[in-house]
Amino acid sequence: MGDKMDYRTFQEEIKNLAEEGFREKGDYAISWHTAHKNNISRRGLTISEQGKEAGITVYLDQYYQEYLQGKALSKICGELVSLYREKQPLDITASELTDYGKMKGKLRIRLAGREQNAAYLEEGPYQIHPVGAEVVYAELARTEEGTLGMRVTHQILKQWGIPEQELFETALENCQKEEGVRFGTIMSEVEEITGMEMPEDDPIDKSGLYVLSNQSRNYGAVVLLYPGVLEEVYRKMEGDFYILPSSVHEVLILSKEAEFTPAELKRIVMEVNREQVAPEERLGNDVYEFQGKTGTLQKCKIAEKQMAR
């Protein structure tokens with residue numbers, strides 16, 4: 001790479017150039033912000049206009065790779081200015097964010113991973129669930145690129161002045177009201193996504209994988225929290241089943257009559273997480289089981305010697 005800057009030097013240089021570029025456009029504040037997300041922490045450049053509560057945060061990883069390939073710093077800075085104009089932060093005020101009455105209907109629960117996720121979880125209230133941790137977001141907008149949301153932090157909850165339990169109950173009720181449950185075979189999901197017609201499946205395939213999510217497939221693992229959902233899956237599967245945490249967007253269901261051991265399934269989950277799932281979308285590496293007679297959801301107990309096979 002010769003005389004190319006290292007990543008940290010590149011970040012600071014881009015920040016300096018961005019401050020100059022935005023100074024010509026008006027009164028903007030540009031600062032570093034470290035965002036703790038599910039399983040990851042990322043340092044990004046936050047750009048906000050004077051008088052507006054919301055801004056946009058840009059992560060420079062890809063821009064750095066383009067710089068290493070020869071793109072000029074001035075061109076990268078120009079792209080940041082254009083990006084801000086295109087994305088235009090939500091026009092939301094501090095008074096709106098602190099008004100629980102206005103934010104109540106926007107609350108949603110997400111199921112996040114617990115493994116090595118302490119910094120992310122501790123930013124706000126959370127509740128432990130057998131498959132992960134429940135966190136609350138305010139869904140501010142939905143775009144073609146995804147959902148724009150804000151984690152409900154301890155500070156925001158204090159400003160709202162409501163009990164923590166009410167926060168979680170309201171968020172879950174909103175999820176159920178806005179997002180129904182999706183349950184179907186892997187093949188039916190592929191058919192809907194691709195438009196390709198697949199052979200029809202038998203009513204219940206004891207060796208087949210089923211997908212459990214919400215209607216939008218966006219943070220759909222939360223349906224595990226919906227009252228009665230696992231009992232309904234038990235009825236459809238005609239028996240106890242395993243739950244594989246495919247991602248924060250969905251989980252996979254497999255009958256316990258299938259010819260797989262929990263250790264084999266865990267190895268599959270770990271491999272898929274490692275090779276196919278982005279870190280911020282991983283729900284965990286463990287495998288769970290639902291027992292219909294007792295109505296219990298629990299982690300499968302797997303001895304280390306079984307994993308070593």
Side-chain angles (χ1 to χ4, degrees), residues 38-39 109-118 120-121 126-135 181-190 201-214 217 219-309:
N38 184 44
N39 297 317
I109 281 189
R110 295 180 182 177
L111 197 57
R114 289 205 313 266
E115 301 169 10
Q116 301 177 339
N117 225 1
Y120 169 69
L121 295 179
Y126 67 92
Q127 294 183 348
I128 296 298
H129 182 272
V131 182
E134 305 169 28
V135 297
V181 178
R182 297 178 63 91
F183 179 77
T185 64
I186 287 282
M187 289 297 99
S188 65
E189 290 293 303
V190 171
D201 296 291
D202 294 330
I204 286 296
D205 180 0
K206 294 291 186 177
S207 63
L209 278 173
Y210 290 77
V211 180
L212 180 63
S213 184
N214 59 12
R217 304 186 188 91
Y219 296 99
V222 71
V223 299
L224 291 176
L225 280 60
Y226 289 13
V229 164
L230 294 180
E231 288 78 8
E232 178 64 14
V233 173
Y234 171 79
R235 185 189 67 77
K236 290 182 177 180
M237 297 298 292
E238 300 176 349
D240 296 345
F241 55 88
Y242 294 115
I243 297 175
L244 284 63
S246 175
S247 76
V248 296
H249 301 299
E250 73 282 309
V251 298
L252 300 180
I253 304 297
L254 179 68
S255 170
K256 291 191 71 173
E257 295 181 33
E259 296 180 357
F260 286 93
T261 67
E264 290 171 330
L265 293 174
K266 182 169 182 176
R267 282 194 288 268
I268 293 172
V269 171
M270 293 174 67
E271 181 179 353
V272 171
N273 274 338
R274 183 172 60 250
E275 298 182 0
Q276 300 181 30
V277 184
E280 62 269 28
E281 296 188 344
R282 293 174 189 164
L283 189 51
N285 288 320
D286 290 306
V287 175
Y288 303 84
E289 60 182 345
F290 181 78
Q291 298 177 348
K293 288 185 178 180
T294 59
T296 56
L297 171 62
Q298 61 188 17
K299 182 168 69 173
C300 293
K301 295 179 181 179
I302 304 173
E304 289 187 15
K305 62 181 180 181
Q306 291 177 298
M307 289 301 298
R309 293 175 185 172

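Computed over heavy atoms, backbone and side chain alike; hydrogens, waters and symmetry mates excluded.
The pair R235-E232 counts as a salt bridge, with a side-chain nitrogen and a carboxylate oxygen less than 4.0 angstrom apart.
Between the side chain of K256 and the backbone N or O of Q291, no donor-acceptor pair lies under 3.5 Å. Under a 3.5 Å cut-off, the side chain of N214 and the backbone N or O of V223 do not form any donor-acceptor pair. Side-chain N or O atoms of K266 include none that pairs as donor or acceptor with a backbone N or O of T261 at under 3.5 Å. In this structure, the side chain of S213 does not engage the main chain of R182 through any donor-acceptor pair within 3.5 Å. Side-chain atoms of R114 come within 3.5 Å of backbone atoms of H129 as a donor-acceptor pair (strictly under, hydrogens ignored). Using modelled atom types, one side-chain atom of R282 and one backbone atom of N273 make a donor-acceptor pair closer than 3.5 Å.
Atoms CD1 and CD, on I109 and Q127 in that order, are 6.5 Å from each other to the nearest 0.5 Å. Note that the CD1 atom of I243 and the CD1 atom of I253 stand 4.5 Å from one another [nearest 0.5 Å]. Distance CZ/R274 to CE/M270: 6.5 Å, rounded to 0.5 Å. Expressed to the nearest 0.5 Å, how far CD of E289 lies from NZ of K301 amounts to 9.0 Å.
Around the OH atom of Y226, the shell of radius 6.0 Å holds more than 12 heavy atoms that belong to other residues, nucleotides or ligands. Shown here is K299, whose NZ atom has no more than 12 heavy atoms of other residues, nucleotides or ligands within 6.0 Å. The 12-atom threshold is exceeded at CD of E275, counting heavy atoms of other residues, nucleotides or ligands nearer than 6.0 Å.
Here the closest heavy-atom approach between residue L121 and residue Y126 is recorded as O-CD2, 3.3 Å. When every heavy atom of G292 is checked against every heavy atom of D240, the shortest pair comes out as N-OD1, 2.8 Å. Contact record, A258 with S207: CB-CA, 4.2 Å, taken as the closest heavy-atom pair. Counting all heavy atoms, side chain and backbone alike, D286 lies closest to P245 at O-CD, 3.0 Å. Taking each heavy atom of S247 and A221 in turn, the nearest pair found is O-CB, 3.8 Å. When all heavy atoms of E238 and E257 are compared, the pair lying nearest together is O-OE2, 4.5 Å.
Between Y234 and F290, the ring planes lie perpendicular to each other; the angle is over 60°, past the 30° to 60° tilted range.
If you run side-chain contact (heavy atoms from CB on, under 4.5 Å) between V277 and each of V272, V269, L283, only V272 comes through. Of the residues listed (V233, L254, L212), the one engaging F241 in a side-chain contact (heavy atoms from CB on, under 4.5 Å) is V233, and it is the only one.
E250 pairs by the salt bridge (Lys or Arg N to Asp or Glu O under 4.0 Å) definition with nothing, not counting sequence neighbours.
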Verdict with reasoning, L252 to V211, per side chain to side chain contact (heavy atoms under 4.5 Å, CB included): CA-CA 5 Å; L252 300 180; V211 180; 3.9 Å; yes
